[in-house]
Each structure stands twice: as C-alpha cells, then as structure tokens.
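As structure tokens, the structure follows; a few thoughts come after it.
In listed order, ligands and their atoms are each counted from 1. In what follows, residues are counted from 1 in the order of the sequence shown.
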Amino acid sequence: MEQNLPEPYKIKAVETISLLPEEERSRRIEKAGFNTFLLKSKDVYIDLLTDSGTNAMSDHQWAGLMLGDEAYAGSENWLHLEETVRELFGFKYVIPTHQGRGAENLISRILIKPGMYIPGNMYFTTTRAHQEMSGGTFVDVIVDQAHDPQREDFPFKGDVDLEKYEALIKRVGPEMIPYISLAVTVNMAGGQPVSMKNMREVKGLSEKYGIKVIVDATRCVENAYFIKKREAGYGDVSIAEIVKETFSYADGCTMSGKKDGIVNMGGFLAINDEEIYRQAAAMVVVFEGMPSYGGMTGRDMEAFARGLRESVEYPYIRHRVEQVAAFGNRLSQLGVPIVKPVGGHAVFLDARSFLPHLTQDQLPAQALAAAIYEQSGVRSMERGIVSAGRDRNGRDYAPRLELVRLTIPRRVYTASHLAYAAEAIAGVHARRDEIEGLKWVYEPPVLRFFTGRFARL
Ligand code: P61
C-alpha cells in the first residue's frame, strides 16, 4: 500500500454536505425502514453507498457535455464512444445501453435458454437476476478463498476454480452452458481481482468445450491495476495494454460505465460474433433505444468516451485504488474487522465478526449499515443475506459472506473525509454490543435489498 498519496487532481466545483444531529439521523433511518437505499441523499453526510454513477467528472468530461450531438440517429458522440470501446477493449461490435443491467438483459436473453447453467466467479445481484429471468441457473465457481474474509495471503481472490468449472461442465454437459460469466473485479467478494493467468486458463478450458467467455467489465481498470501490482511480468506493462489483454480472452463483455467509465450513467455490450451482434441490435431498439444511443444522451456518450480514456491513465487509477487501500488499512489499524486484502472499489466490513452476538437471520449486515448511518452519518450498503435473495424454491441463499460495503466514489472524497469515516466506524465498533438485529417487514420479490423494509427485533 502506498501511504499518503496526494490526489492527482485539484477541486474546481464543490457540493455542500452537512451532518444532521444524531437524534435526527435515528428518526430518518427508522423512517427509511432501516434500509440505507431509502434514505434521502441530503440526510447523508458521507455517502459510501456506491461508486456507481457517483463519480466526479473531469473538466475535460464536462467540456465534452457541450459537444453533445443529440440527433436521434448517428450521433457523433456515439461514433466516438464506439471507436473508444473498440480501441480499448478490442471487440468488433458495440451496442450501447442505458447502464450495465441493460447489457445484461440483452446477453442473457440472447444466449440463455431455459434449463441452462451459467458458471461465474461469484454472483452479482443484477447479473444473476437477468440469468434467472431467462430460465438459467447461476453456479458459483470462484475459488474457496473468496468466501473467507480473513484469507489475506491470496492476491487474486476473484479467480475461477478451474476444477469446479470443469466439474460443472462434466456434470451438466457443455451444451447446457452458454457462457461463463467472468467478473473483473468481483464486487460481492469484496472487489477482489482476477489474475491474467486465470483468465487465460478460463479461456483455454472454455474453448476446449465450446463455451463462450462473457466478461463483466464494470471494474476492469481496477482489475488491471491489481495485475500490474501483483502479477509477475506485468509491472512494466501499461494499464491500457493490460485491459486490452484481459479482453483478448473474452468473446464479449457487458459494462456498467457508471463505475470505471467515471460517468453518471451509461453502459454497453461488446461482442465479436456477428450473429449475436445482429440479435442484440434488433433487441436494443425494444428495450433501450436506437443502436446509436441505447438509452444514453449524446452528452452522456461523450463524457463516457472521455471517462474511459482517463480511467486507464496510471496516476488516476493508482490513486483510486490506493485511496481505498489506505481507508481499509486505517479501519484495520483501528481494530475494525474488514475483508482482506482490500479490494478495488470499497472496503467491506465483516459483519459476522463485527456483531458476533447476532445470527445471520437477525440480518447483522443490514443492522450494521443502519447503525453506522445512525451513529456517524456515513451511508453504506448491506451485502449479505438480504442482498443474496431467495432461490427458485423460496429459500434464502444465506451466503457465507455477511458484509457491509463502504464504497468510495471516484475523485469525490478527500483523505480527511475518509479519516472521519474510519474514526466514526471505529466508534460504532466500540459500541457494537448495543446494536440489535432486524426483521423484515416488507420483502419485494426480486432484488429485495433495494426497496425492502425492516424493523428492530
Ligand atoms: C454497485 F446494490 N453495481 O456496485 P448498473 N455488474 C457489476 C456491478 O457492480 C453492477 C452491475 C453489473 C452497483 C449498482 C448496484 O445490488 C445492486 O449500471 C459488477 O448498475 O445496471 C452495478 O450495472 C450493474 C447496486 C447494482 C446494488 C445492484 O453499487
């Protein structure tokens, strides 16, 4: 970890934030049904809910907004975005979508037939929801270490366990597996990276059985940074080259531009196969818009193209990932249990160790996220049993990881904001015995964590 790395930017516009008194915060979180997604943003002091769409754009991106070509068809900005994605990722065809899940919808509908299996390196909520809605079953083939928050000695906890993957192929038959869904980095595991060696091996095994590799590119630049830092032979390779090599082992990718694209809205599907491209181009007009905007405005597309290019600049990505690492390190020094090693976009608290007096059905991570807001004004997100949802038979998935995510938006908060957050969370840790469990009072049928409501036990 690199200590005290100054921000590689200076601040040109600011947004005022303020901290409500604690009694007021208690009222607000109760009114929000103890769900941090249901708080008003103005009631939040430091917003670590997500790094999705909450990033600060550069002056160059803001300038690009004025060049928005809002033509219904054939926008200049689309051509710029398409060319940028082709150049950085190396795919032949690009389909724009309003955000990542728009692309997940398209690829799931095109490739998954009812009864098929989709292996992946840990589930992601929206990705799995689309796979299930197309009649597929997600199968987790990530390495075991990913499920252990304390396994610090493993630099690539996002890797696919090739034995698990091949065992699935042999069990269900390769014709029942349309593709492997490979996320770089792995959000639900704690933002953990995947090594290039593993990606190469996944491609080799998939090719042997005629299975496609579809990468979730959402945080691929953060993954590239970890490869540069941790994988032998990549120390002198540029981030852009690592990104390019990553996608050379894929048949296609989906991307939420709201993360590593450093924009507020946007996404795409990219693919090499012409037939899949044709089907996606036919389908995108039903769900998103013309194949030359897919739900984005011209100005969005311009900011996205510019953001992608900025994202592979070394000083930017180095500071981004090191800022997250420094925050995690501080929390750890203060005795707060976190997932180790620290991932690319967030620090994840281990709610089982934080609140050992609560069982998983008392929703410890949900309770902890609510308590952190109440006691500090910091907003975080539950990533445990509530997020995991229910299987087809109505049973809770009950994941081993019961986490609270403290997500760092790109270029938004300074070291002193994060120092405040770390100290405040250490304060919550000191009073952890007072935190009570929660129970459901309203449970939506899909992606229940977004709008579900809870009460104290
Ligand atoms: C996030 F609580 N992530 O991390 P869209 N793949 C990956 C993502 O991280 C991702 C998408 C696809 C969000 C927003 C969010 O359960 C949740 O552009 C690795 O959001 O459609 C999104 O991209 C989907 C928060 C999504 C959640 C789902 O905060």
Side-chain angles (χ1 to χ4, degrees), residues 35-39 41 47-55 96-108 118 120-133 138 142 146 158 181-194 214-223 246 252-270 287-288 294-296 300 304 307 324 343-348 365-366 369 379-389 397 399 401 403-410 412 444 446-452:
N35 184 347
T36 53
F37 280 102
L38 301 180
L39 288 166
S41 90
D47 201 348
L48 307 184
L49 181 71
T50 180
D51 62 332
S52 179
T54 53
N55 306 299
T97 59
H98 74 287
Q99 60 184 95
R101 68 198 75 178
E104 292 171 345
N105 178 38
L106 300 179
I107 199 70
S108 303
I118 305 91
N121 50 347
M122 203 171 272
Y123 86 99
F124 186 69
T125 54
T126 58
T127 319
R128 189 182 63 194
H130 282 292
Q131 292 164 353
E132 289 176 345
M133 282 165 76
F138 174 81
I142 202 167
S181 180
L182 185 72
V184 295
T185 57
V186 184
N187 192 347
M188 302 302 278
Q192 303 296 336
V194 181
I214 302 292
V215 170
D216 182 337
T218 298
R219 296 184 182 84
C220 63
V221 185
E222 291 167 6
N223 200 77
T246 298
C253 77
T254 54
M255 184 174 196
S256 167
K258 304 172 69 170
K259 287 80 165 173
D260 276 357
I262 333 183
V263 281
N264 305 121
M265 193 48 76
F268 63 81
L269 165 67
F287 291 108
E288 308 279 327
M296 287 179 279
D300 286 336
F304 191 1
V324 176
H345 67 305
V347 174
F348 288 70
Q366 190 72 34
R379 171 153 72 170
S380 59
M381 179 193 291
E382 194 269 5
R383 293 281 82 167
I385 190 167
V386 172
S387 295
Y397 275 114
L401 293 175
L403 309 175
V404 168
R405 189 180 78 176
L406 297 155
T407 336
I408 317 299
R410 294 163 189 78
V412 172
V446 272
L447 300 176
R448 62 184 184 175
F449 54 88
F450 279 131
T451 55

4.5 Å side-chain heavy-atom contact, Val263 and Asn55: no
For atom 20 (O) of ligand 1, what's the nearest protein heavy-atom neighbour? Residue, atom name and distance, please. Arg101 NH2, 2.9 Å
Using heavy-atom distances, let me know which of Ser256, Gly191, Ala103 sits nearest atom 18 (O) of ligand 1. Ser256
Any idea which protein heavy atom is nearest atom 11 (C) of ligand 1, and the distance to it? Phe124 CE2, 3.5 Å
Look at Arg379 together with Asp47 and state whether they make a salt bridge at an N to O cut-off of under 4.0 Å. yes
Measure the spacing between CG of Leu38 and CZ of Phe450 and express it to the nearest 0.5 Å. 11.0 Å
Ligand-side contact atoms (ligand 1) for residue partner Phe449, heavy atom cut-off under 4.0 Å: 2 (F), 16 (O), 17 (C), 27 (C)
Over all atoms of both residues, closest heavy-atom pair of Val324 and Val347: O-CG2, 3.6 Å
Between Met188 and Ser387, is any pair of side-chain heavy atoms under 4.5 Å apart? yes
Please say whether the positively charged group of Arg101, taken as NZ for Lys or CZ for Arg, lies over the ring of Phe124, i.e. under 6.0 angstrom from the six-membered ring centre and within 45 degrees of the axis. no
Under 4.0 Å between heavy atoms, the region of His345 that gets near ligand 1 turns out to be neither
List every atom of ligand 1 that sits less than 4.0 Å from any heavy atom of Lys258, numbering the atoms from 1 in the order shown and giving each element. 18 (O)
Parallel, tilted or perpendicular for Phe138 and Tyr123, by the 30°/60° rule? perpendicular
For ligand 1, which atoms sit closer than 4.0 Å to a heavy atom of Thr126? 11 (C), 12 (C), 24 (C), 28 (C)
Side-chain contact test, heavy atoms from C-beta onward, threshold under 4.5 Å: evaluate it for His130 versus Ile107 and give yes or no. no
With a 4.5 Å heavy-atom cut-off, do Leu401 and Met122 have their side chains touching? yes
Within ligand 1, which atoms have a heavy atom of Thr125 less than 4.0 Å away? 16 (O), 17 (C), 28 (C)
Pair Arg405-Asn187, side-chain donor/acceptor within less than 3.5 Å: yes
Could a heavy atom of Arg383 be found less than 4.0 Å from some atom of ligand 1? yes
Quick check: do Phe304 and Phe268 have side-chain heavy atoms less than 4.5 Å from each other? yes
So for His130 against ligand 1, with non-hydrogen atoms under 4.0 Å, the contacting part is neither
Numbered atoms and elements of ligand 1 in range of Thr50, under 4.0 angstrom, heavy atoms: 1 (C), 29 (O)
What atoms of ligand 1 come within less than 4.0 Å of a heavy atom belonging to Gly100? 5 (P), 18 (O), 21 (O), 23 (O)
Going by the closest heavy atom to atom 7 (C) of ligand 1, which one wins out of Asn187, Thr254, Asp216, Thr185? Asp216
Considering heavy atoms of the protein only, find what lies nearest to atom 5 (P) of ligand 1 and give residue, atom and distance to 0.1 Å. Gln99 NE2, 3.2 Å
Contact atoms of ligand 1, heavy-atom distance to Phe37 under 4.0 Å: 2 (F)
Identify the protein heavy atom lying closest to atom 4 (O) of ligand 1, giving its residue, its atom name and the separation to 0.1 Å. Arg405 NH1, 2.8 Å
Nearest non-hydrogen contact with atom 3 (N) of ligand 1 belongs to which option: Met265, Glu104, His98, Lys259? Lys259
